[in-house]
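Some notes on the structure that comes next.
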Amino acid sequence: AEKVIQVWSTASRQEGEELTLDCSYETSQVLYHLFWYKHLLSGEMVFLIRQTSSSTAKERSGRYSVVFQKSLKSISLIISALQPDDSGKYFCALWELAEDRGSALGRLHFGAGTQLIVIP
Amino acid sequence: DTTVKQNPRYKLARVGKPVNLICSQTMNHDTMYWYQKKPNQAPKLLLFYYDKILNREADTFEKFQSSRPNNSFCSLYIGSAGLEYSAMYLCASSRDVQPTGQLYFGEGSKLTVL
(Lines give C-alpha, C1' and ligand atoms only; values in the text may rest on other atoms or scores of the structure.)
Protein backbone atom coordinates (compact mmCIF):
# COMPACT_ATOMS: atom_id res chain seq x y z
CA ALA A 1 0.00 0.00 0.00
CA GLU A 2 1.18 3.50 -0.78
CA LYS A 3 2.31 5.44 2.25
CA VAL A 4 1.88 8.87 0.67
CA ILE A 5 -0.96 9.74 -1.66
CA GLN A 6 -1.28 12.84 -3.77
CA VAL A 7 -4.67 12.59 -5.40
CA TRP A 8 -4.22 15.22 -8.08
CA SER A 9 -1.62 14.47 -10.71
CA THR A 10 -1.96 17.91 -12.32
CA ALA A 11 -3.25 21.36 -11.39
CA SER A 12 -3.32 24.72 -13.12
CA ARG A 13 -3.92 28.25 -11.90
CA GLN A 14 -3.60 31.79 -13.09
CA GLU A 15 -0.70 33.94 -11.99
CA GLY A 16 -1.49 35.72 -8.72
CA GLU A 17 -3.95 33.09 -7.49
CA GLU A 18 -3.53 30.81 -4.51
CA LEU A 19 -3.25 27.03 -4.77
CA THR A 20 -3.72 24.20 -2.30
CA LEU A 21 -2.05 20.85 -2.97
CA ASP A 22 -3.38 17.96 -0.93
CA CYS A 23 -1.51 15.00 0.48
CA SER A 24 -2.55 12.12 2.71
CA TYR A 25 -0.26 9.64 4.37
CA GLU A 26 -0.24 6.47 6.37
CA THR A 27 1.93 5.76 9.38
CA SER A 28 1.74 4.01 12.72
CA GLN A 29 4.55 6.07 14.22
CA VAL A 30 3.95 8.76 16.81
CA LEU A 31 6.86 10.92 15.70
CA TYR A 32 7.33 11.59 12.02
CA HIS A 33 8.07 14.46 9.67
CA LEU A 34 6.30 15.62 6.56
CA PHE A 35 8.00 17.50 3.77
CA TRP A 36 7.10 19.26 0.57
CA TYR A 37 9.64 19.30 -2.22
CA LYS A 38 9.63 20.81 -5.69
CA HIS A 39 11.23 18.85 -8.52
CA LEU A 40 12.99 21.21 -10.90
CA LEU A 41 13.49 20.63 -14.61
CA SER A 42 17.19 20.34 -13.88
CA GLY A 43 16.43 17.20 -11.86
CA GLU A 44 17.06 18.67 -8.45
CA MET A 45 14.57 18.19 -5.64
CA VAL A 46 14.28 21.43 -3.69
CA PHE A 47 13.07 21.47 -0.09
CA LEU A 48 10.14 23.82 0.48
CA ILE A 49 8.71 23.29 3.95
CA ARG A 50 8.59 20.79 6.81
CA GLN A 51 5.98 19.80 9.39
CA THR A 52 6.82 17.73 12.45
CA SER A 53 4.07 15.50 13.81
CA SER A 54 4.55 16.80 17.35
CA SER A 55 4.26 20.44 16.35
CA THR A 56 1.04 22.41 16.45
CA ALA A 57 2.63 25.47 14.89
CA LYS A 58 1.30 26.56 11.53
CA GLU A 59 4.42 26.23 9.43
CA ARG A 60 5.13 28.95 6.92
CA SER A 61 8.06 29.77 4.67
CA GLY A 62 7.67 32.77 2.43
CA ARG A 63 4.74 32.11 0.08
CA TYR A 64 4.52 28.50 1.26
CA SER A 65 2.41 27.38 4.20
CA VAL A 66 0.87 24.12 5.29
CA VAL A 67 -2.40 22.97 6.76
CA PHE A 68 -1.70 19.95 8.95
CA GLN A 69 -4.64 17.82 10.01
CA LYS A 70 -3.00 15.15 12.10
CA SER A 71 -6.15 13.24 12.98
CA LEU A 72 -6.97 12.95 9.29
CA LYS A 73 -3.35 12.17 8.35
CA SER A 74 -3.45 14.97 5.88
CA ILE A 75 -1.13 17.79 5.01
CA SER A 76 -1.80 20.43 2.38
CA LEU A 77 0.66 22.83 0.83
CA ILE A 78 -0.63 26.32 0.12
CA ILE A 79 1.21 28.50 -2.35
CA SER A 80 0.07 32.10 -2.37
CA ALA A 81 0.47 34.73 -5.09
CA LEU A 82 1.41 32.18 -7.74
CA GLN A 83 4.14 33.08 -10.21
CA PRO A 84 4.99 31.38 -13.51
CA ASP A 85 8.24 30.12 -11.94
CA ASP A 86 6.14 28.11 -9.48
CA SER A 87 5.31 25.76 -12.34
CA GLY A 88 6.79 22.34 -11.68
CA LYS A 89 6.17 19.08 -9.92
CA TYR A 90 5.48 19.12 -6.19
CA PHE A 91 6.13 16.10 -4.01
CA CYS A 92 4.83 15.36 -0.57
CA ALA A 93 7.07 13.12 1.54
CA LEU A 94 6.77 11.28 4.84
CA TRP A 95 9.79 10.53 7.01
CA GLU A 96 9.37 7.86 9.67
CA LEU A 97 11.49 5.44 11.64
CA ALA A 98 11.27 1.78 10.72
CA GLU A 99 12.70 -1.20 12.53
CA ASP A 100 15.27 -2.93 10.37
CA ARG A 101 17.45 -5.79 11.54
CA GLY A 102 17.35 -4.60 15.10
CA SER A 103 17.99 -0.93 14.41
CA ALA A 104 15.57 1.92 13.99
CA LEU A 105 16.38 3.72 10.77
CA GLY A 106 14.61 6.57 9.08
CA ARG A 107 13.20 6.46 5.58
CA LEU A 108 11.66 9.15 3.41
CA HIS A 109 8.64 8.00 1.37
CA PHE A 110 7.42 10.15 -1.51
CA GLY A 111 4.05 10.58 -3.11
CA ALA A 112 3.68 10.45 -6.89
CA GLY A 113 3.68 14.24 -7.16
CA THR A 114 1.38 16.92 -8.56
CA GLN A 115 2.36 18.80 -11.71
CA LEU A 116 1.52 22.49 -11.36
CA ILE A 117 1.10 24.82 -14.31
CA VAL A 118 0.87 28.53 -13.60
CA ILE A 119 -0.62 30.47 -16.48
CA PRO A 120 0.79 33.99 -16.91
CA ASP B 1 28.45 24.95 0.04
CA THR B 2 25.14 23.15 0.46
CA THR B 3 25.15 21.35 -2.85
CA VAL B 4 25.14 17.70 -3.66
CA LYS B 5 26.93 16.88 -6.89
CA GLN B 6 26.20 13.95 -9.13
CA ASN B 7 28.18 12.53 -12.02
CA PRO B 8 27.53 11.86 -14.76
CA ARG B 9 24.42 13.95 -15.37
CA TYR B 10 23.53 11.75 -18.32
CA LYS B 11 24.53 8.15 -18.93
CA LEU B 12 23.80 5.92 -21.89
CA ALA B 13 24.37 2.22 -21.29
CA ARG B 14 23.87 -1.00 -23.22
CA VAL B 15 21.81 -3.83 -21.80
CA GLY B 16 24.01 -6.12 -19.76
CA LYS B 17 26.74 -3.55 -19.18
CA PRO B 18 27.68 -2.14 -15.78
CA VAL B 19 26.83 1.38 -14.67
CA ASN B 20 28.48 3.41 -11.92
CA LEU B 21 26.98 6.67 -10.69
CA ILE B 22 28.82 8.99 -8.33
CA CYS B 23 27.57 11.40 -5.70
CA SER B 24 29.48 13.80 -3.48
CA GLN B 25 28.71 16.33 -0.76
CA THR B 26 30.94 18.55 1.34
CA MET B 27 28.49 19.24 4.15
CA ASN B 28 29.87 16.43 6.35
CA HIS B 29 26.46 14.79 6.34
CA ASP B 30 26.15 11.42 8.05
CA THR B 31 23.59 9.96 5.70
CA MET B 32 23.54 9.64 1.93
CA TYR B 33 20.61 8.24 -0.06
CA TRP B 34 19.94 6.97 -3.55
CA TYR B 35 16.49 7.24 -5.09
CA GLN B 36 15.22 6.02 -8.46
CA LYS B 37 12.73 8.31 -10.19
CA LYS B 38 10.73 7.20 -13.22
CA PRO B 39 8.30 9.47 -15.08
CA ASN B 40 4.94 9.91 -13.32
CA GLN B 41 6.10 7.81 -10.38
CA ALA B 42 7.19 8.65 -6.86
CA PRO B 43 10.92 8.64 -6.17
CA LYS B 44 11.74 5.18 -4.85
CA LEU B 45 14.33 4.72 -2.12
CA LEU B 46 16.94 2.18 -3.24
CA LEU B 47 19.46 2.32 -0.42
CA PHE B 48 21.17 4.64 2.00
CA TYR B 49 24.33 4.88 4.06
CA TYR B 50 24.31 6.00 7.63
CA ASP B 51 27.99 6.67 8.23
CA LYS B 52 29.62 3.45 6.96
CA ILE B 53 26.54 1.26 7.30
CA LEU B 54 24.73 0.40 4.11
CA ASN B 55 20.98 -0.19 4.22
CA ARG B 56 19.34 -1.58 1.10
CA GLU B 57 15.60 -1.79 0.61
CA ALA B 58 14.25 -5.32 0.51
CA ASP B 59 12.85 -5.17 -3.02
CA THR B 60 16.02 -3.72 -4.53
CA PHE B 61 18.49 -5.66 -2.46
CA GLU B 62 20.10 -7.63 -5.25
CA LYS B 63 19.81 -5.11 -8.05
CA PHE B 64 21.94 -2.27 -6.74
CA GLN B 65 25.20 -2.02 -4.89
CA SER B 66 26.88 0.93 -3.32
CA SER B 67 30.09 2.02 -1.70
CA ARG B 68 31.06 4.94 0.49
CA PRO B 69 34.85 5.19 0.62
CA ASN B 70 34.67 8.33 2.75
CA ASN B 71 32.09 10.67 4.24
CA SER B 72 31.87 12.80 1.11
CA PHE B 73 31.38 10.22 -1.63
CA CYS B 74 28.81 7.58 -2.37
CA SER B 75 28.40 5.49 -5.51
CA LEU B 76 25.53 3.51 -6.98
CA TYR B 77 26.53 0.47 -8.99
CA ILE B 78 24.47 -1.62 -11.38
CA GLY B 79 26.29 -4.78 -12.34
CA SER B 80 24.26 -5.60 -15.44
CA ALA B 81 21.86 -2.94 -16.67
CA GLY B 82 18.45 -3.92 -17.94
CA LEU B 83 15.92 -1.80 -19.81
CA GLU B 84 13.95 -1.37 -16.58
CA TYR B 85 16.87 0.52 -15.03
CA SER B 86 16.27 3.52 -17.30
CA ALA B 87 15.37 6.29 -14.88
CA MET B 88 16.60 9.40 -13.12
CA TYR B 89 18.76 8.53 -10.11
CA LEU B 90 18.69 11.07 -7.33
CA CYS B 91 21.31 11.27 -4.61
CA ALA B 92 20.55 13.06 -1.35
CA SER B 93 22.24 13.68 1.96
CA SER B 94 21.10 14.66 5.42
CA ARG B 95 22.82 15.66 8.61
CA ASP B 96 21.79 12.56 10.52
CA VAL B 97 19.56 9.57 10.12
CA GLN B 98 16.73 11.55 11.68
CA PRO B 99 16.26 14.54 9.42
CA THR B 100 15.10 17.29 11.70
CA GLY B 101 16.20 19.43 8.81
CA GLN B 102 15.75 18.26 5.27
CA LEU B 103 17.39 16.15 2.64
CA TYR B 104 19.62 17.94 0.19
CA PHE B 105 19.26 16.53 -3.31
CA GLY B 106 21.60 16.57 -6.26
CA GLU B 107 20.45 17.36 -9.78
CA GLY B 108 20.20 13.70 -10.67
CA SER B 109 21.82 11.31 -13.10
CA LYS B 110 19.62 10.34 -16.01
CA LEU B 111 20.32 6.77 -17.08
CA THR B 112 19.10 5.47 -20.42
CA VAL B 113 19.59 1.78 -21.10
CA LEU B 114 19.40 0.63 -24.72
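For the numbers below, each heavy atom of this structure counts, side chains included, while hydrogens, waters and symmetry mates do not. Bear in mind that the values here come from a model prediction, so they are computed numbers and not experimental data.
- Contact residues of residues 106-114 of chain B toward chain A are Gly106(B), Glu107(B) (heavy-atom distance under 4.5 Å).
- Cluster membership check: Leu116(A) shares its hydrophobic cluster with Trp36(A), using side-chain heavy-atom separations under 4.5 Å among Ile, Leu, Val, Met, Phe, Trp and Tyr.
- A single hydrophobic cluster is not seen to contain both Leu103(B) and Leu48(A); linkage of ILVMFWY side chains at heavy-atom distances under 4.5 Å, directly or through other members, places them apart.
- Among Ala93(A), Ala112(A), Ser9(A), the residue making the largest number of heavy-atom pairs under 4.5 Å with chain B is Ala112(A).
- Put simply, Leu94(A) and Tyr90(A) are part of the same group of oily side chains (I, L, V, M, F, W, Y) that touch within less than 4.5 Å, one to the next.
- Counting non-hydrogen atoms of neighbouring residues, nucleotides and ligands closer than 6.0 angstrom, the NZ atom of Lys63(B) reaches no more than 12 such neighbours.
- A pairwise comparison of heavy atoms in Ala42(B) and Gly111(A) identifies CB-O, 3.0 Å as the closest pair.
- Between Leu45(B) and Leu108(A) there is no side-chain heavy-atom pair separated by less than 4.5 Å.
- Within the 4.5 Å cutoff, the side chain of Phe91(A) has heavy atoms near those of the Lys37(B) side chain.
- Using a 4.5 Å cut-off on side-chain heavy atoms (C-beta onward), Val4(B) and Met45(A) make no contact.
- For Leu83(B), the CG atom sits in a packed shell: over 12 heavy atoms of surrounding residues, nucleotides or ligands are nearer than 6.0 Å.
- Both Leu54(B) and Leu76(B) belong to a single network of hydrophobic side chains, linked directly or stepwise wherever heavy atoms of I, L, V, M, F, W or Y lie under 4.5 Å apart.
- At a heavy-atom cut-off of under 4.5 Å, chain A is reached by Arg9(B) from residues 9-24 of chain B, listed in order of number.
- Here Tyr37(A) contributes atom OH and Leu90(B) contributes atom CG; the two are 11.0 Å apart, rounded to the nearest 0.5 Å.
- In the displayed structure, Glu84(B) atom CD is contacted under 6.0 Å by more than 12 heavy atoms of other residues, nucleotides or ligands.
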Show your working on ring pair (Phe, Tyr, Trp, His ring centres under 6.0 Å) between Phe105(B) and Phe47(A) and close with a plain yes or no. CA-CA 9 Å; Phe105(B) 282 85; Phe47(A) 164 78; over 10 Å; no
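- Linking Ile, Leu, Val, Met, Phe, Trp and Tyr residues whenever their side-chain heavy atoms come within less than 4.5 Å places Met88(B) and Phe48(B) in a single cluster.
- Rounding to the nearest 0.5 Å places CG of Asn40(B) at 9.0 Å from CD of Gln115(A).
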